[in-house]
K.L.:
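Handing you a structure now.
Residue indices begin at 1 and follow the sequence shown. Quantities reported herein were computed from a predicted structural model and do not represent experimental measurements.
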Amino acid sequence: MLHEILLSLSGHPSPLLRNDYTDPRAQSIISPPERELLKTAGHISDLHCKLISYTAQISASHPSIICRAVSTAINSLYLAAFQRKVLEVEESILRKDASLVGAYNIVPLTAVIGEFSGWTRRLEWLWDLVQFIDEEKDGSPCRAAQLIDKLRDELKTGYADVEETALSLVRVAETAWLKQVSAWVLYGRIPVFGDVDFFVQKNDHDEQGYSIEQRLLPSFVTPSTATSMLFIGTSLNRVKTNTSIEPNSTRLDHLSSQLQTLADLTYPLSSTALSRAITSIRLTLSRTTLQKLLPLTRVLEMLTLFRDFFLLGRGEFAMALTQQADEVIRSRWRRADNLAYEKRYGLSNVMVKEGEVSAVLTKTWTTLGSMQGQHADEDEGLEIARDMLRLNLSKTKASTPVKGKVGPRNQPTSIIADTPFRNLLFSVPVVLTSLIPPPLDLFLTTSDVQIYTSINSYLLSIRRSHLHLTDLWKMTSLRRHHPPPPRPPYSTTKGGIARTRVLRERWSARSSAMRSAWSTSSAAIFFLAETEAYLQVEVVAGLWDDFHSWLTGRSENKGQLNALPSHSHSHHPSNVNNPSDDDNIHVTAHPSKSTDAQTQDPSPPHHDPQTLATAHRLYLRTLSRRLLLTQSSFTNALYELLVHIDHLVAHIHRLHSIWSSMDLEADEGVVDAFSDLGAEEKDVRAGIREIESLVKKGIEKVVATLRGLSMDSAFMAEVEDGDVGADGEDGGGWGLGIGAGDEMGGEEETGYRPRRTGGIDRLLMKLDFGGWFDAGKAALGEYGLGDDQF
C-alpha cells in the first residue's frame with residue numbers, strides 16, 4: 001500500500017487513492033483517520049498529476065512566451081522538487097529511518113503523509129495559477145502583463161511558502177519579459193516568438209509605425225517609461241533605414257554597458273529602477289547616434305519655420321496670403337456675376353478648388369520674394385517654407401488634435417475648441433500644414449502640426465479682419481470730397497457755384513450716413529489691434545523667446561535669464577515686454593553673473609529627441625491655453641464678431657460701388673438699366689446699420705467673456721500654474737509625453753518650464769471702451785435714437 005501511495009504521489013494515478021471507501025467492508029478495514037489521510041494523499045496526487053499535464057500543455061502551445069516560461073519553471077522547479085521529496089521519503093523508508101519506520105518495521109501512514117504536509121498549500125496555489133494561465137479572458141488567452149501583475153499581487157500574501165514561490169516565479173516572468181524588452185531597446189526588434197504578447201505592436205495607421213498596447217503593459221511600467229521604450233525602438237528602426245549615418249562601432253561599444261545596465265536590475269523590478277535604466281539607454285542612444293541624425297541646428301530651423309509662418313512671426317506672410325486669397329474670392333464673384341449673362345447652369349465654377357488654393361500659396365511666395373529686393377541676401381527660411389508648407393482644403397470637420405496613445409497619468413487635458421476659424425480665409429475650410437521630414441519626426445508628430453494649424457487659423461483670422469478694416473481707410477472717395485469742387489475760374493460762375501453746392505451737399509449727406517460706420521469700424525480696429533498685440537507680443541513672442549532660450553541654453557537660471565527676450569531671430573525683431581517689472585530685478589542686479597555663466601558654457605546643451613518632444617508639446621499646450629484657444633466660449637464669441645466684421649466690410653464696399661455708380665449716372669449720364677441704385681442704397685444702408693449693432697454687441701460679448709474668464713479662479717490657475725502641473729505633469733490628451741522633470745534622470749534636472757507671460761487682466765485694461773457700450777443703450781431707451789443721432 002505504501003508503494004502504491006508513493007507511486008500515486010509521484011504522478012501516476014492510482015485507484016487506491018481515488019476510492020471514497022463508502023463500502024461497509026472498506027469501512028471495516030480502514031479506520032476514519034486513515035480514510036482522511038488517504039483522502040489528503042489523493043488530493044495531493046491529483047494536484048500533482050493535473051499540474052504535470054497542464055504545464056506540459058502550456059509550455060508546448062501557449063502563445064505567450066512569458067506564460068510558457070512560468071509554466072516551465074513550475075515544472076522544472078517545484079514539480080521536480082516534489083518528486084525529489086517523494087524519492088527522499090521512499091529512500092528513508094527503505095533505509096528504515098527512525099523518523100518514519102517504527103518498531104516491527106511498521107511505517108505509520110500519519111508520518112508518511114506528514115512529510116508532504118508543507119506541499120499541500122503550495123500545490124493548491126500552483127494549480128490556481130496554472131488555471132489562471134490556461135483560461136481565456138474576454139476571448140483571448142492569458143497575457144504576460146496579466147500574469148506578471150497577478151504574481152506581483154500574490155507577493156502580498158501572508159504565507160511564507162506561497163510568497164517564496166511567487167517571488168521565484170516573478171523572477172522568471174520578469175526575466176523573460178526583460179529579454180523581450182532588451183531586444184527592442186537595444187536592437188529595435190520586436191521579438192520573433194511571442195510578438196503578439198509584446199506591448200509594442202506594429203501599427204501601419206500610426207505615424208511612427210509602432211504603437212503601445214496598454215493591455216499588454218505590466219502595471220509596474222509607468223507610461224513615461226513605456227513612451228521612452230517606444231521612442232528608443234522606433235529611433236533604432238529609423239537609424240537602420242537612414243542611409244546618411246555611416247555604420248561604425250560606436251553603437252556596438254555601448255551595447256555591453258547597456259546590457260550590463262539591464263542585467264544589474266533586481267527582481268521584482270522596481271518602477272524607479274527600470275525608469276532610470278531606460279532613461280540611461282535613451283540618453284546614451286541620443287549622445288552616440290541620434291545627435292548625428294537630428295542636430296540642434298535642424299531642430300531650430302524647423303521650429304523657427306513654425307514660429308515665422310504658423311505663428312505669424314513674419315507679418316508680411318499673413319498680409320500677402322490674405323491679399324492673394326481676397327483676390328481669388330473677388331475673381332470668383334466676378335465670374336459668378338457673369339453667369340447670369342452667359343446663361344450657364346449651376347455654380348460649379350464659383351467654388352474654390354484645391355488647385356486654386358495651392359496657387360494662392362505659390363503667389364504668396366512670389367510676393368514675399370519680390371519684397372527682398374535685388375541685392376538682398378537669400379532668405380533661407382523662405383526657401384525652406386516654400387518646400388515644406390502646404391495650403392490645402394480641409395476634408396474633415398474635426399479641428400482638434402489627435403489624441404495620443406500614452407500619457408504618464410490618466411488626467412484629462414484641455415482640447416482646442418472646434419471653432420471654425422479656418423473657414424474665414426476662403427469661406428471654405430482651408431488649413432496651412434507642413435511636411436515632417438524623416439529625421440524631424442523623432443520629436444515632431446502630426447498632432448503637433450495640427451495644433452500649429454489650429455493656432456495659425458486663429459491668429460490669421462484676427463490679422464485678416466484687422467487688415468480688412470484698415471483697408472477701408474484707403475477708399476479715398478468715402479473719406480474726402482470726391483470728385484473735388486471745380487477749380488477757378490469755373491468755380492466762380494453760377495454753374496460752378498451750383499456744382500460746388502451739389503457736391504458739398506452730396507458729401508455731407510454721405511458723411512453723415514457713414515459717421516456711425518466709421519466709429520464702429522474704429523472701435524473694431526482698436527479691439528483687434530489690442531487683442532492681436534496681446535496675443536502676438538505678450539503670449540506668442542514671450543513663450544517663443546523662453547522656449548528658444550531653453551533650446552539654445554542661454555538661460556542658466558530659470559526665471560532670470562528666461563525673462564530676457566531672445567534676439568536670435570533674423571526675420572522679426574523681438575520687442576517682448578515682461579509681464580511685470582519685478583521679473584527683471586534679479587537680472588539687472590547681477591548682469592556680470594549671468595554673463596559669466598554664458599561665457600563659461602558657450603556650447604549649446606544637448607537635448608535628446610524625447611526631451612525635445614516633451615518640452616515642445618508642453619510649449620504647444622501652454623501656448624494654446626494662454627491664447628485662450630481652449631475656451632470655446634471665447635473663441636465662439638470671437639468668431640461671430642469676425643464674421644460680422646466681414647459683413648460690415650463687404651457692405652461698406654458695396655455701398656461704395658453703389659455711390660460710384662450713382663455719381664456716374666448723375667455726373668456723366670451713365671445709366672445702368674438693370675439696377676435700381678436708390679433701392680439698393682437704401683437696403684445696403686439698412687444692412688450696415690444692422691451689422692453695426694451686431695459688431696458692437698459682438699465686441700461687448702467678447703469683452704464680457706474675457707471678464708468672466710478673468711474671474712474664473714479655476715481657469716486662471718490652470719493657465720498660470722496648470723501648464724506643468726506637478727513637476728511637468730502631462731495628461732497625454734494630445735499625444736503628449738512626460739513632463740521635463742517627471743521621469744528623467746539627474747541629467748534632466750533643468751527641464752523646460754514655461755514662464756508666466758501675459759495675463760487676461762492686462763488685456764482687459766487696454767480694452768477700455770469707456771461709455772461706448774452704455775451710451776447707445778441709454779440713447780435708444782430714452783429717445784429711440786441710434787448711435788449716430790446720439
K.L.:
Measuring from Leu305:CG to Arg314:CZ, what's the distance to the nearest 0.5 Å?
P.N.:
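The CZ atom of Arg314 is 10.0 Å from CG of Leu305, to the nearest 0.5 Å.
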
K.L.:
Hey, are Thr227 and Gln610 close enough side-chain-wise for a donor-acceptor pair under 3.5 Å?
P.N.:
no

K.L.:
Below 3.5 Å, can you tabulate the donor-acceptor pairs from side chains in residues 383-392 to any protein atom, sequence neighbours excluded?
P.N.:
| residue | atom | partner | partner atom | Å |
| --- | --- | --- | --- | --- |
| Arg390 | NH1 | Asp387 | O | 3.0 |
| Arg390 | NH2 | Asp387 | O | 3.2 |
| Asn392 | ND2 | Thr433 | OG1 | 3.4 |

K.L.:
Looking at every heavy atom in both Arg755 and Asp546, which two are closest together, and how far apart are they?
P.N.:
N-OD2, 3.3 Å

K.L.:
For Asn456 and Thr453, does a side-chain donor sit closer than 3.5 Å to a side-chain acceptor?
P.N.:
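No, Thr453 and Asn456 have no side-chain donor paired with an acceptor closer than 3.5 Å.
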
K.L.:
Taking Ser624 for its side chain and Leu620 for its backbone only, find out whether a donor-acceptor pair lies under 3.5 Å.
P.N.:
yes

K.L.:
Spell out, as yes or no, whether a donor-acceptor pair under 3.5 Å connects the side chain of Ser710 to the backbone of Arg707.
P.N.:
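Answer holds: yes.
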
K.L.:
Identify the heavy atoms of Leu706 and Leu763 that sit nearest to each other, and give their distance.
P.N.:
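Minimum heavy-atom contact is CD1-CD2, 3.8 Å.
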
K.L.:
Mind checking the CZ-CG spacing from Phe231 to Leu442? Nearest 0.5 Å is all I need.
P.N.:
5.5 Å

K.L.:
Determine whether Tyr452 and Val431 make a side-chain contact, defined as any pair of heavy atoms from C-beta on separated by less than 4.5 Å.
P.N.:
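Result no, sub-4.5 Å side-chain heavy-atom pair not found.
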
K.L.:
Could you measure the distance from the NE2 atom of His644 to the OG atom of Ser465? Nearest 0.5 Å is fine.
P.N.:
12.0 Å

K.L.:
Checking Phe426 now: which residues fulfil ring pair (Phe, Tyr, Trp, His ring centres under 6.0 Å) with it, not counting sequence neighbours?
P.N.:
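Ring pair (Phe, Tyr, Trp, His ring centres under 6.0 Å) check on Phe426 returns nothing, list empty.
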
K.L.:
When you measure from the side chain of Thr225 to the backbone N and O of Val221, does any donor-acceptor pair fall under 3.5 Å?
P.N.:
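Such a contact is absent between Thr225 side chain and Val221 backbone.
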
K.L.:
Contact between Val449 and Leu444 at the side-chain level, heavy atoms closer than 4.5 Å - yes or no?
P.N.:
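Counting from C-beta outward, Val449 and Leu444 never come under 4.5 Å.
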
K.L.:
Please name the pair of heavy atoms, one in Tyr458 and one in Leu627, separated by the smallest distance, quoted to 0.1 Å.
P.N.:
OH-O, 2.9 Å

K.L.:
For a quick check under 3.5 Å, do Arg422 and Ser394 share a side-chain donor-acceptor pair by atom type?
P.N.:
yes

K.L.:
Just by distance, do the side chain of Tyr534 and the backbone of Gly759 share a donor-acceptor pair under 3.5 Å?
P.N.:
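Yes; judged by distance alone, with no hydrogens or angles, the pair exists.
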
K.L.:
Is there side-chain contact between Leu528 and Ile645, with at least one heavy-atom pair below 4.5 Å?
P.N.:
yes

K.L.:
Would you call the rings of Phe547 and Tyr752 parallel, tilted or perpendicular, where under 30° means parallel and over 60° means perpendicular?
P.N.:
perpendicular

K.L.:
Between Ser447 and Thr445, what is the shortest heavy-atom contact and its length?
P.N.:
OG-OG1, 2.9 Å

K.L.:
Kindly write out the residues that satisfy ring pair (Phe, Tyr, Trp, His ring centres under 6.0 Å) with Phe634, not counting sequence neighbours, or none if the list is empty.
P.N.:
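Partners of Phe634 by the ring pair (Phe, Tyr, Trp, His ring centres under 6.0 Å) criterion come out as none, since no residue qualifies.
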
K.L.:
Hey, what do you get for OG (Ser457) to CZ (Arg464), rounding to the nearest 0.5 Å?
P.N.:
12.0 Å

K.L.:
Please give me the minimum heavy-atom distance between Phe715 and Ile760, naming the atom from each residue.
P.N.:
CE2-CD1, 3.5 Å

K.L.:
Check whether Ser461 reaches the backbone of Phe421 with its side chain - one donor and one acceptor, N or O, closer than 3.5 Å.
P.N.:
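Checked: pair present.
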
K.L.:
Indicate the ring-plane relationship of Phe317 and Trp365, choosing parallel, tilted or perpendicular according to the 30° and 60° boundaries.
P.N.:
parallel

K.L.:
What distance separates Leu274 CG from Thr222 OG1, expressed to the nearest 0.5 Å?
P.N.:
7.5 Å

K.L.:
Among Asp418, Thr705, Thr419, Thr630, which residue meets the side-chain hydrogen bond (donor to acceptor under 3.5 Å, both in side chains) test with Thr635?
P.N.:
Thr419

K.L.:
Could you check whether any side-chain heavy atom of Thr611 comes within less than 4.5 Å of a side-chain heavy atom of Arg282, counting everything from C-beta outward?
P.N.:
yes

K.L.:
How many angstroms lie between atom CG of Asp608 and atom CG of Leu285, to the nearest 0.5 angstrom?
P.N.:
9.0 Å

